[in-house]
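A short worksheet on the structure shown next.
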Amino acid sequence: MHQQPTPSYAPEDERPPWDRREWFPSDGAAVTARQTIEIPPSLTVREPNPAVGRAWPSAPPGRGRRPAAATPVRTPQAVRPAPELPPTHAVLVCVALPGLAISGEGQLTGRGLDGFYRGGRRLLARCRIRVAGREPLAVQARMTGADSARFVGTLRVSPSAGPDPDVVVERTRRADGTERITLRNAAARPLRLPVEVALGTDLAELAVIASGRAGPELPATVHDSGLRWATAGAAASVIADPPPADALASAGLLRWELDLPPGATATVELRVRLDGAGPLRPAGHATTSPLAPARATGDDSRVTSLLDAAIADLQALLLRDAAHPAGIHLAAGAPWRCGLAPAEALAAARMTLPLGTRLAAGTLRTLVRTQLPDRNPQAGLIPGPRRDAGPFLPPACTGTEATLLFPVLLAEARRWGLPEQETRELLPAAERCLTWLRTTAGAGPYLPDPQPGGPARCDTQAHAYRAALLGADLLDAFDRPGAIELREWAQALRAAFRADFWVEDRGGGRPAAALAPDGRPVPHLGSTVVHLLDTGLLGSGRLAPGLLDPVQTDNLARLLGTPAMDAGWGLRGLGAKEAGHNPFGHRTGAVRVHDTALAVAGLAAAGYEKEASGLLRGLLDAAEHFGHRLPDMFAGEQRFSGSAPLPHPAACRPAAVAAASAITMLTALAGIRPDTPAGTVTLCPVRSAPLGELVLTGLRVAGAPFSVRVSRLGLAMVEEAADGLQLGV
């Protein structure tokens, strides 16, 4: 397992996103070769060493001052603050990986994250338009799709025209590296407009930009009908159509003279290209998508926009392994995490199973190639990026979570319709994951922390327990050995967990976040406990039994519905009453969309419809404020009348698990539980129908279209299904 030293400047999991080590793979290279970003020494805070002592107090020359040679004056080293992370909450992020276009109101200023990117490198940082010597006034900036944005600006070029603009400048920016600039003459007379586009770039890597170490802009040269920039490692160019009347390399300027009759338009298109690379071909733009084009309609019209945006974002985040075309998977999120993050890729693929099993199969195939071989001491582990462990217990290494998710995804994908032959091909890798689980757990009932002396985490036990039960089910289906031992270990874990992890209090008790190395429970309440409700799908429409008993489950459901956990917009990462709560903390109080969706699905499945409905409505309201494109997290400030959710300035948006969460929540309302090997599908809808009538069409079960309608009375009816698929009881 690859681990890096922990920098001292950021505690727990509040480290900057650029140090979470999930980045763009090299454009065209195998996705398994992830880049590792090393934090430079200049960013590390060095605390004063008490052994050094204090400097001598100042004194006039010759009075009380000791010679420097005899006793040198020592001062503590200056504390260097961490660099300011460029904010993402106020920018528009167009995504079609490996392409990105990030911008604010319209002009690309060269500051912050502004620019066109390919494979994590900024190809163009600055693109400023001036018409008749003036910059347009920005009047609108909005996303028109996951990969495109539209910007509108206006100008008054005639002094006698009054307050009304007489030139409209519209810009369409796309993640594939194109920008289309259209000028329209809104005046009643012809206009001759001088147009200038100022261009520049540093060709910096995204990680370098995020850490504040990007260099100055590079000098340009005239190239073809545009400009070109080059550095030791890369070169990029901008080609204009039509060609400019003038190109000034020293100033980075392209110029046109445009004659526009009244009401006429003129268009200039800029194409940003990486030298030596072919046209950008995003995996999400392939002819056959691994995600079905599902639709949601119903009494609450917002469900349509939510699902449409979710599927578009998932398409935009798709990556394909160039060396293995079948290895398609999701990047974790933009702009910070555009590479392979195994745990998030598996979790998102699992939540998108209602859209088909092709993404699950591609993700599993990709990760098989990263699994540690038998000769390794951690044989069977799927390595994941390192995260800091701290008092609020984020995972120290997400490889543990990924390894436990692998057999779960394979088992559930088989239920949703993954062909038996594909399942059989992936089964050996799942068996290695399960062997790693049993070997690592040893004779104890708990799966230990990957760090020596670390705590036994609640969510890790939930992942391990689910993997054991669903893994045993998978082994039995293919007559493979080991199922009995896995079930026996899971039973021992459940018995020990119910006794050791439950903290009694006046309110009826709560699950501990972890057990310290000495066995003491860590009692703080955070959103990771929702994994206790996510038990997994077995055969015949049955869910696996949970780690908690019915009374404990009832107490947990009540706690998740309290204002301390439910911010009114979703579930906080750490309860508002817990010491160290920070509404903007990644793990310490921000609303985590993925955890909220798991809570909605888990609570609904367990029969706690009131609590599930409250969280669902809150997150749906929040999505409306975010243009239906949910970030991975946002501030956990308490909702009140007239308020709006506060964005987190470092959140990924779009994010794979956040987008996939919309699918989980909507399909949970219908309670779809397929068992393709048995030829059945069971429906367990939410009887209270919190969103009224809901119709889901274009889903996939058993490889065929599947549609379901949930009435206002909470009754579910299949409207389209594969031939021979029977409705289970």
Q.
The test is salt bridge (charged side-chain N to carboxylate O under 4.0 Å, His left out); show your working for Asp321 and Arg365 and say whether it passes.
A. CA-CA 10 Å; Asp321 186 340; Arg365 289 192 190 100; over 6 Å; no
Q. By side chain to side chain contact (heavy atoms under 4.5 Å, CB included), which residues pair with Asp534, not counting sequence neighbours?
A. Arg350, Arg466, Leu598
Q.
Are Leu409 and Leu353 packed together at the side-chain level, in the sense that at least one heavy-atom pair is separated by less than 4.5 angstrom?
A. yes
Q: State, yes or no, whether a side-chain contact exists between Thr680 and Leu725 at a heavy-atom distance under 4.5 Å.
A: no
(Q) Any heavy-atom pair between the side chains of Val503 and Arg510 that's under 4.5 Å? (A) yes
Q | Nearest heavy atoms of Leu475 and Gly482, plus distance in Å | A | CD1-C, 4.0 Å
(Q) Tell me the closest heavy-atom pair linking Thr664 and Thr667, and the distance in Å. (A) O-OG1, 3.3 Å
Q.
Contact between Leu470 and Pro407 at the side-chain level, heavy atoms closer than 4.5 Å - yes or no?
A. no
Q: Please check if the side chain of Ser540 supplies one atom and the backbone of Arg542 the other of a donor-acceptor pair under 3.5 Å.
A: no
Q | Residues Thr363, Leu330; criterion side chain to side chain contact (heavy atoms under 4.5 Å, CB included); working and verdict | A | CA-CA 8 Å; Thr363 304; Leu330 287 165; over 6 Å; no
**Q.** Inter-residue atom distance Thr352.OG1 - Arg358.CZ, 0.5 Å rounding
**A.** 12.0 Å
**Q.** Straight-line distance of Arg320 CZ to His329 NE2, nearest 0.5 Å
**A.** 11.0 Å
Q) Do Leu381 and Asn376 come close enough that some side-chain heavy atom pair is under 4.5 Å? A) no
Q: Kindly indicate, with the supporting measurements, whether the criterion salt bridge (charged side-chain N to carboxylate O under 4.0 Å, His left out) is fulfilled by Asp473 and Arg415.
A: CA-CA 11 Å; Asp473 190 60; Arg415 298 292 177 194; 2.5 Å; yes
Q) If every non-hydrogen atom of Leu434 is compared with every non-hydrogen atom of Leu486, which pair is closest and at what distance? A) CD1-CD1, 3.9 Å
Q | Where Ala656 and Ala331 come nearest, the two heavy atoms and their spacing | A | CB-O, 3.3 Å
Q. Sub-3.5 Å donor-acceptor pair from the side chain of Gln371 to the main-chain atoms of Ala429, do we have one?
A. yes
Q.
Distance check, rounded to the nearest 0.5 Å: Thr400 atom OG1 versus Asp449 atom CG?
A. 7.5 Å
Q | Contact list for residues 421-474, test ring pair (Phe, Tyr, Trp, His ring centres under 6.0 Å), sequence neighbours left out | A | Tyr446-Phe501, His463-His531
Q) Is any side-chain heavy atom of Pro511 less than 4.5 Å from a side-chain heavy atom of Leu532? A) yes
Q.
For Thr460, is there any backbone N or O sitting under 3.5 Å from a side-chain donor or acceptor partner on Glu401?
A. no
Q. Shortest non-hydrogen contact from Arg438 to Trp489?
A. NH1-CD1, 3.2 Å
Q.
Taking Gly327's backbone N and O only, do any of them form a donor-acceptor pair with Thr366's side chain (distance below 3.5 Å, no angle check)?
A. yes
Q. Which is it for Leu346 and Leu364 under the side chain to side chain contact (heavy atoms under 4.5 Å, CB included) test, yes or no, and what are the steps along the way?
A. CA-CA 8 Å; Leu346 288 163; Leu364 293 168; 3.9 Å; yes
Q) Does Glu422 use its side chain to pair, donor to acceptor, with the backbone of Pro419 at less than 3.5 Å? A) no
(Q) Let me confirm one number: the CZ-CG distance from Arg337 to Asp632, rounded to the nearest 0.5 Å. (A) 7.5 Å
Q. With a 4.5 Å limit on heavy-atom distance, are the side chains of Leu404 and Leu437 in contact?
A. yes
Q: Looking only at non-hydrogen atoms, find the nearest pair between Ala294 and Leu355 and report the distance.
A: CB-CD2, 3.6 Å
Q: Examine distances only and state if a side-chain atom of Trp336 and a backbone atom of Ala650 form a donor-acceptor pair shorter than 3.5 Å.
A: yes
Q: Report the residues that fulfil salt bridge (Lys or Arg N to Asp or Glu O under 4.0 Å) with Glu420, sequence neighbours left out, ordered by chain and then residue number.
A: Arg414
Q) Is there side-chain contact between Ile311 and Pro293, with heavy atoms separated by less than 4.5 Å? A) no
Q. Can you tell me if Arg498 uses its side chain to pair, donor with acceptor, with the backbone of Leu548 under 3.5 Å?
A. yes
Q. Has the side chain of Thr596 got a donor or acceptor atom that lies under 3.5 Å from a matching backbone atom of Leu571?
A. yes
Q: Determine, step by step, whether Leu100 and Cys338 satisfy the side chain to side chain contact (heavy atoms under 4.5 Å, CB included) criterion, reporting the C-alpha distance in whole Å, the side-chain angles of both residues, the deciding distance to 0.1 Å, and the verdict.
A: CA-CA 10 Å; Leu100 284 178; Cys338 293; 4.1 Å; yes
Q. Only one of Val600, Leu560, Val530 clears side-chain contact (heavy atoms from CB on, under 4.5 Å) with Asp595; which?
A. Val530
(Q) Would you say Asp459 and Thr528 are linked by a side-chain donor-acceptor pair, where the criterion is simply a distance under 3.5 Å? (A) no
Q.
Would you compute the distance between atom SG of Cys684 and atom CG of Leu669 and round it to the nearest 0.5 angstrom?
A. 13.0 Å
(Q) Could you go through Gln421 and Glu425, starting from their C-alpha distance and side-chain angles, then the distance that decides it, and tell me whether this counts as side chain to side chain contact (heavy atoms under 4.5 Å, CB included)? (A) CA-CA 6 Å; Gln421 181 58 36; Glu425 291 171 359; 3.4 Å; yes
Q.
I'd like to know whether CG of Asp723 has more than 12 heavy-atom contacts from other residues, nucleotides or ligands below 6.0 angstrom.
A. no
Q) Is the side chain of Thr535 donor-acceptor paired with the backbone N or O of Ala544 at a distance under 3.5 Å, no angle test? A) yes
Q | Inter-residue atom distance Arg592.CZ - His586.NE2, 0.5 Å rounding | A | 4.5 Å
Q | Main-chain N/O of Gly698 paired with Arg700 side-chain donor or acceptor, under 3.5 Å | A | yes
